[in-house]
> 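Have a look at this one before I ask anything.
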Amino acid sequence: MSEKRIYEYRKEVPTHASADVVVIGGGPAGTAAAIGAARSGKQVILLEKSGQLGGMGTLGNVSIFMPIGNVTGIYREIIAETLAQYLPEGHDTSIAPQYSPFLLRHYLNEKMKKEGVQVFYHADFVGTVREGSRLSAIVASTREGLRAFEGRQFIDCTGDARAAIDAGVPYVSGREEDGLTQPMTLMFMMQNTGKPVTPLLPEGCYTYNDVSELPQGRRLYWERNSDGTLLVNMTRVKGNGARIEDINYAETEALKQVFSVANYLQRNGFETYVLSHVAGQVGVRETNQIKALYTLTEHDVVGGRRFDDVVAQTNYEIDIHSPDGKKTTDERKVSGYDIPYRCMVPDSLDNLLVAGRAISATHVAMSSMRVQPTCYALGQAAGIAASLAIDGGLACRNVPIGELQDRLVDQGVRFIK
Ligand SMILES: Cc1cc2nc3c(=O)[nH]c(=O)nc-3n(C[C@H](O)[C@H](O)[C@H](O)COP(=O)(O)OP(=O)(O)OC[C@H]3O[C@@H](n4cnc5c(N)ncnc54)[C@H](O)[C@@H]3O)c2cc1C
């Protein structure tokens, strides 16, 4: 094969909007970061590449919150406002409510309006404009072409650390020994029709006859009995969702598995159910982790480590879907630990934070901190930290931790001692 050419692409890009804080990616971390900054009195722009907020929860239909044992801050508020029946009295009682991805999508749209956050949908991050140790703007691909968005502080919530990596922040991917990441899963829903249905199996799909033949070697679903909805997490495709060839393969292979698993379920216990919804894109569990001032480790997670600069807390288990194509899942309970602010702070830049699943963490530690409630918590902390950095004219690494924690408490966060 001939050597691939490298092109230099130069273009003048007009500025479309400016704000104090620019958040890139509107998933759990990004929406909470935007709210955290807006409630600190800052003008906030939120850029989202798709047409909806909520990240994997809505786009990937991962519509169940995993239990974290600290139902707090903006996450608690979302539960109170959308799923009040599940709200625990205390902050340290775990809940795992299933929700409607359609309602959460609508709720987050309206929430951003109420908070005064300027959301740009279909704004796909392209590149950073870096001047010394600071970012001055980011460039996004919009419906009108490339546009710049200027800010004083930037928060990368893309899940893949796309902006941080573009700006030169070092990163790692997957297991320390071989770089393999957790596999991808295309989520789907089935609906009880109340009468027997004819199982469907399009050409080219698989016939599974036994649980051991299923992609995960197990049945994993949640039934919303009140409305007959079944949420199914049973497909599995090996690969790293931040790589072009891997995601290409995953999108087609996972859809074949959706039809095949649905067909299996229609023959094994769900004889009255039809396939009613397939997520618009395959769900990506793990891609890139930045290297920040501190890297959360398995030792910290297992040992229940506490940190002076704690900004989020969780006791979600270690939960590793086998990265190497096996049908196993490594699940280990943990008692509870802190996530320090430093995991979100790259060393080399003064005005960029990374929140959500791409924070600095080892493969094992990330498998526990990656769930939605924890990402909301990290985002909220990043939003407030960005605001404090602006107020104090400080680099992110110098944000006063005591004040950050006080502001988190003011915004409804409770830290478990
Ligand atoms: C199959 C699967 C099952 C899971 N099960 C559960 C579960 O049951 N419960 C649970 O709580 N968690 C679960 N998780 C984990 C959880 O959903 C994610 O880890 C969490 O959503 C990560 O939040 P985030 O904000 O960091 O990133 P994401 O949710 O990935 O959000 C990132 C956002 O950034 C946007 N974005 C990305 N790139 C760009 C760009 N270039 N420009 C602009 N925007 C961009 C994306 O469109 C997206 O909206 C699961 C994940 C998967 C994949």
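Note that ligands are numbered from 1 as they come in the structure, with each ligand's atoms numbered from 1 the same way. Given the structure is predicted, the values throughout are model-derived calculations rather than measurements. Residues: numbered from 1 along the sequence shown.
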> May I ask you to say whether Lys113 pairs ionically with Glu110, meaning some side-chain N is under 4.0 Å from a carboxylate O?
yes

> Determine whether Gln411 and Gln380 satisfy the following criterion, side chain to side chain donor-acceptor pair (under 3.5 Å), listing intermediate values before the conclusion.
CA-CA 9 Å; Gln411 287 195 13; Gln380 186 173 6; 3.1 Å; yes

> Regarding ligand 1, does Gln52 bring an N or O atom to under 3.5 Å of one of the ligand's N or O atoms?
no

> Relative to the heavy atoms of Met56, which atoms of ligand 1 are at a distance of less than 4.0 Å?
17 (O), 21 (O), 28 (P), 29 (O), 30 (O)

> What is the nearest protein non-hydrogen atom to atom 24 (P) of ligand 1, stated with its residue, atom name and distance?
Pro28 CD, 4.0 Å

> In this structure, does ligand 1 have an atom that sits under 4.0 Å from one of the heavy atoms of Gly60?
no

> Report yes if some N/O of Asp160 lies less than 3.5 Å from some N/O of ligand 1; otherwise report no.
no

> Could you establish whether Gly57 and ligand 1 come within less than 4.0 Å of each other, counting only heavy atoms on the residue side?
no

> So is Val62 polar-close to ligand 1, meaning N/O to N/O under 3.5 Å?
no

> Give yes if a backbone or side-chain nitrogen or oxygen of Ile64 is under 3.5 Å from a nitrogen or oxygen of ligand 1, and no if not.
yes

> Between Asp124 and ligand 1, is there a nitrogen or oxygen pair with a distance under 3.5 Å?
yes

> May I ask you to check whether Thr185 has an N/O atom sitting below 3.5 Å from an N/O atom of ligand 1?
no

> When you compare ligand 1 with Gly356, is there at least one nitrogen or oxygen pair between them that comes in under 3.5 angstrom?
no

> Any nitrogen or oxygen of Trp222 lying under 3.5 Å from a nitrogen or oxygen in ligand 1? Just yes or no.
no

> Does an N or O anywhere in Val284 fall below 3.5 Å from an N or O of ligand 1?
no

> Applying a heavy-atom cut-off of 4.0 Å, say which part of Cys375 lies close to ligand 1: side chain, backbone, both or neither.
side chain

